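Worth knowing before you read on, the calculation uses all heavy atoms, side chains too, and leaves out hydrogens, waters and symmetry mates. All figures in this text were calculated on a predicted structure; none of them were measured in a lab.
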Amino acid sequence: MPELSKRPAITLGTINMDCRDSQPMADFYARLLGFEVTWHDPDDDFILMANPAGGLSISFQPYPDYEPPVWPEQPGEPRKMIHFDMQVENLEEAMAHAIACGARLAEFQGREDLRVMLDPAGHPFCLGTA
């Protein structure tokens with residue numbers, strides 16, 4: 001492992017999410033988080049979105065054979081590769097907003113202090129109070 005003092009400058013800039021259709025994902029995260037589309041490749045329908053306030057970007061890469069993850073995980077079924085943990089002030093208001101944006105409440109909820117939601121492509125994300 002290299003010494004930390006010799007580590008090159010590396011910054012996490014974008015999280016890319018696989019999906020079947022990128023446009024519903026972009027529409028959802030625009031409504032949910034206020035992100036804006038900064039690039040859309042019409043040839044492969046890849047969409048990049050950024051937070052107008054700065055920070056991490058998200059992008060969506062469509063695949064016709066995309067299989068949504070199963071929550072909770074089950075042997076032999078597609079597993080989530082990554083999920084977002086989102087901090088909220090009011091859990092009930094945040095859930096209602098996410099549902100109005102197109103999310104759905106996951107059937108399985110493993111904790112009382114957060115809610116697992118599913119985005120339009122079936123990716124789980126968590127809403128929780130600090």
Subject >> I58 and T14: CA distance, side-chain angles, deciding distance, side chain to side chain contact (heavy atoms under 4.5 Å, CB included) verdict >> reply: CA-CA 5 Å; I58 55 176; T14 303; 5.5 Å; no
**OP:** Look at the aromatic rings of H123 and Y66 and report parallel, tilted or perpendicular, splitting at 30° and 60°.
**Re:**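 H123 vs Y66 ring planes: tilted.
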If I compare all heavy atoms of [X] with all of [Y], which pair ends up nearest, and what's the gap?
X	Y	value
P124	V116	CB-CG1, 4.1 Å
C126	D85	CB-OD1, 3.4 Å
D45	D21	OD2-OD1, 4.0 Å

Original post:
What distance separates E93 CD from L127 CG, expressed to the nearest 0.5 Å?
Top reply: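 One gets 12.0 Å once the value is rounded to the nearest 0.5 Å.
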Give a yes or no on whether [X] and [Y] share a hydrophobic cluster (residues Ile, Leu, Val, Met, Phe, Trp, Tyr; joining criterion: side-chain heavy atoms under 4.5 Å apart).
X	Y	value
L33	I82	yes
W39	M17	no
F28	M86	yes
I15	F35	yes

**OP:** In sequence, state the C-alpha distance, the side-chain angles, and the governing distance for N51 and L56, and then conclude on side chain to side chain contact (heavy atoms under 4.5 Å, CB included).
**Re:** CA-CA 7 Å; N51 182 340; L56 202 60; over 6 Å; no
**OP:** Using modelled atom types only, decide if a donor and an acceptor are shared between the side chain of R115 and the backbone of E112 within a distance under 3.5 Å.
**Re:**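 Confirmed, R115 side chain pairs with E112 backbone.
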Subject >> M25 vs M49, side chain to side chain contact (heavy atoms under 4.5 Å, CB included): CA-CA, chis, key distance, verdict >> reply: CA-CA 10 Å; M25 293 290 285; M49 300 185 79; over 6 Å; no
